[in-house]
Amino acid sequence: MGAAETAGEAAPSEATGAYYTTPQVSQIDDVEADDLLDDLAVIRGKSNYDCVLPGEHDTPVNRAPCARQQGFDCSIRHRCPYFSDRAIASGNRFAAMTLAYFMRTAGSEVFRKRDVVVIDEAHGLAEWAEMYATIEISPERVPVWDDVGVPDVAADADPEEDALDRTARFVEALRDVAIRAKDELVGRELDREEVARRDRLQELIGELGWFLEDYRDLQSPTSWVVDQPGGEGTAIEIKPLDPARYLRHTVWDRGNRFALLSATILSKEAFCRGVGLDPADVALVDVEHTFPLANRPLYDVTQGSMTYEHRDETVPKIARLIVRLMAEHPDEKGLVHAHSYDIAERLTERLGEFGVAARVRRHDKRNRDAELEAWKASPDPEVFVSVKMEEALDLKGDLCRWQVVCKAPYRNTNDSRVARRLADGQWAWYHRTALRTVIQACGRVVRAPDDYGATYLADDSLLDLFDRAAADTPSWFRDQIDAMTTPSPPAFDPDAALAGIDASPSATAGSARRNDRRSGGAEDRGATRSSRGNADSGADGGDATADGATGGDESVRTRSERDAERRENHPLSDVWGDG
């Protein structure tokens with residue numbers, strides 16, 4: 001960014017200055033908090049700012065009077081936090097924003113083309129573009145849903161049409177209805193709900209128009225797929241494959257030179273193909289890894305397959321493994337990559353049955369950021385059961401010293417884009433994207449050459465993935481795989497798992513454990529041997545519910561649940577609210 005042309009160096013018509021952008025909101029937060037980057041002016045979306053007009057202090061700027069009333073003349077616009085930050089960022093040599101905001105401002109007169117664009121975490125650029133360009137037609141996203149009849153786009157297609165052609169005809173009709181509904185809201189004062197309706201209609205009209213334009217362009221490199229599993233009258237998703245044209249407009253036309261940063265651009269050719277770049281115009285700068293191998297160990301503690309058909313058998317084993325690892329790390333924070341909310345819920349429930357929930361924190365889709373910050377701020381060695389936190393999470397030092405990867409992060413084959421690629425034989429892409437996520441996950445707990453952290457692999461499919469994606473594996477990560485060992489953590493003992501905090505397992509859980517010991521203590525024998533050639537036959541097996549379901553006992557309540565109850569019962573909870 002420092003090499004970007006300045007106004008004094010460039011001709012008046014030439015682009016100057018630089019943008020920094022990243023898909024991750026957390027990284028924008030890091031930029032804003034970093035004293036070394038205080039020359040980057042950060043701008044966020046309107047919904048992140050509150051109006052400063054009297055009586056509107058709880059109103060986000062995107063619902064403020066200036067958005068509700070046509071021609072509203074705000075007397076204190078110069079004090080508006082959003083427009084103030086926008087003016088500063090647009091005039092500053094360096095501006096920082098999320099990739100979503102960057103893409104939404106394509107074509108803006110405020111944020112015009114600059115000389116240099118830096119994109120952090122660029123490895124997922126194609127997937128982010130596909131997500132942003134996906135059009136969801138559903139009751140929640142279409143304000144005029146009740147005014148249109150939604151066809152079964154597959155069954156109602158004419159003989160010369162396919163589902164995509166039928167979808168395009170419906171989209172054209174839907175756009176006309178949306179335009180009429182939006183026009184009815186123009187020229188009068190609106191309340192907050194009407195502002196939201198108008199803005200969504202405008203957004204929808206733009207999305208549908210973009211799809212129709214691309215669909216009709218026979219030269220477009222973008223392929224579209226359509227999902228409508230419910231048939232007539234149900235939601236439709238229109239998804240692009242390799243949306244190079246979308247990226248051209250929203251990203252590549254926004255700068256003269258680009259720096260794309262990532263530790264996991266595993267194949268230059270595949271990356272360029274996915275984002276619409278000519279490999280001849282791209283240089284791959286491969287920087288040597290500087291973190292000692294001994295500081296970033298991988299451990300094979302595989303417990304079985306985590307494919308859907310085997311999950312019921314394997315999840316209890318992984319939960320028992322986590323208890324043993326808690327005993328191995330009694331005074332250190334841990335992170336569990338659960339991969340999905342279903343797996344996270346199952347693991348948390350089992351850990352509660354084992355009586356160790358007092359050390360466990362988890363999140364849902366609504367409180368994700370709040371629970372993450374609470375975990376990071378806690379002085380106790382809590383274990384955080386997380387979903388989709390494999391990337392852009394800086395857990396340096398004692399913030400986290402160990403983590404468990406519970407499932408090979410393959411893309412969902414029920415997704416029409418994934419199914420289409422696999423039908424086209426793109427298995428290398430399928431394995432490469434999963435490997436990329438694993439490498440990203442391994443990097444969460446080791447952030448500097450003098451930092452250290454252990455990563456435990458619990459799913460058999462991870463070992464298979466390493467074999468299948470060997471050609472795309474960076475040499476520094478191959479070193480980690482080759483150095484992988486099978487450890488021997490302590491025996492299953494919830495008392496030992498809670499040794500680092502002021503808590504103890506419930507009596508029922510302890511009784512169940514004593515029964516286990518009397519019956520032979522199978523959990524103490526070879527539980528961490530690789531399931532290759534072992535399949536955990538008796539080694540940590542059995543139904544984990546036998547280890548003591550404690551019902552409403554305190555031991556099954558996680559840190560998250562206890563925190564929520566404390567907030568609810570606080571004498572000022574009616575003022576603060578829950579959360």
Side-chain angles (χ1 to χ4, degrees), residues 24 26-27 30 121 262-264 288-303 318 321-339 347 359-363 371-409 435-459 462-463 466 473-490 497 499-501 528:
Q24 304 291 347
S26 61
Q27 287 183 297
D30 291 342
E121 301 296 342
S262 174
T264 51
E288 184 179 355
H289 202 295
T290 61
F291 299 178
L293 182 61
N295 291 9
R296 46 187 172 97
L298 290 180
Y299 292 115
D300 174 4
V301 290
T302 49
Q303 298 295 301
I318 293 180
L321 168 69
I322 292 171
V323 174
R324 301 179 67 193
L325 294 175
M326 290 166 75
E328 176 75 12
H329 302 272
D331 301 312
E332 296 175 326
K333 288 185 179 181
L335 177 66
V336 176
H337 295 287
H339 184 71
L347 286 173
R359 194 180 163 186
V360 175
R361 184 177 293 274
R362 65 161 298 189
H363 67 89
E371 291 295 341
L372 172 61
E373 291 307 312
W375 173 65
K376 290 166 65 176
S378 174
D380 293 329
E382 296 181 6
V383 176
F384 191 34
V385 181
S386 70
V387 178
K388 302 302 180 188
M389 290 193 182
E390 297 93 348
E391 299 187 22
L393 188 58
D394 186 2
L395 300 177
K396 56 189 175 184
D398 291 335
L399 284 176
C400 189
R401 291 298 186 191
W402 61 281
Q403 59 181 346
V404 182
V405 181
C406 291
K407 186 181 184 304
L435 175 66
R436 190 181 69 200
T437 302
V438 173
I439 297 175
Q440 286 284 333
C442 291
R444 294 315 95 208
V445 298
V446 186
R447 309 298 299 167
D450 59 350
D451 199 2
Y452 62 91
T455 298
Y456 297 92
L457 307 178
D459 178 14
L462 289 162
L463 307 179
F466 293 157
T473 304
S475 59
W476 57 268
F477 192 71
R478 171 54 59 185
D479 291 341
Q480 283 182 254
I481 296 173
D482 292 342
M484 183 167 53
T485 60
T486 300
S488 298
I501 63 173
T528 59

Out of curiosity, [X] [atom1] to [Y] [atom2], how far, rounded to the nearest 0.5 Å?
{"X": "Glu121", "Y": "Gln24", "atom1": "CD", "atom2": "CD", "result": "6.5 Å"}
{"X": "His363", "Y": "Met389", "atom1": "NE2", "atom2": "CE", "result": "4.0 Å"}
{"X": "Cys400", "Y": "Phe384", "atom1": "SG", "atom2": "CZ", "result": "10.5 Å"}
{"X": "Phe466", "Y": "Arg478", "atom1": "CZ", "atom2": "CZ", "result": "8.0 Å"}
{"X": "Ile481", "Y": "Thr473", "atom1": "CD1", "atom2": "OG1", "result": "5.0 Å"}

Please determine whether side chain to side chain contact (heavy atoms under 4.5 Å, CB included) holds for the pair Leu347 and Ile318, giving the CA-CA distance in whole Å, both sets of side-chain angles, and the decisive distance to 0.1 Å.
CA-CA 8 Å; Leu347 286 173; Ile318 293 180; 4.0 Å; yes
Tell me if a side-chain donor or acceptor on [X] pairs with a main-chain N or O of [Y] at a distance below 3.5 Å.
{"X": "Arg444", "Y": "Leu335", "value": "no"}
{"X": "Asp331", "Y": "Pro381", "value": "no"}
{"X": "Arg296", "Y": "Phe291", "value": "yes"}
{"X": "Arg401", "Y": "Tyr452", "value": "yes"}

In terms of relative ring orientation, are His329 and Tyr456 parallel, tilted or perpendicular, with 30° and 60° separating the classes?
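Perpendicular: the ring planes of His329 and Tyr456 meet at over 60°.
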Any side-chain donor paired with an acceptor under 3.5 Å for Gln440 and Thr264?
yes
Sort out for me which residue in Lys407, Glu390, Gln403 forms a side-chain hydrogen bond (donor to acceptor under 3.5 Å, both in side chains) with His337.
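With His337 as partner, side-chain hydrogen bond (donor to acceptor under 3.5 Å, both in side chains) holds for just one option, Gln403.
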Are any of the side-chain nitrogens in Lys396 or Asp451 under 4.0 Å away from the carboxylate oxygens of its partner?
no
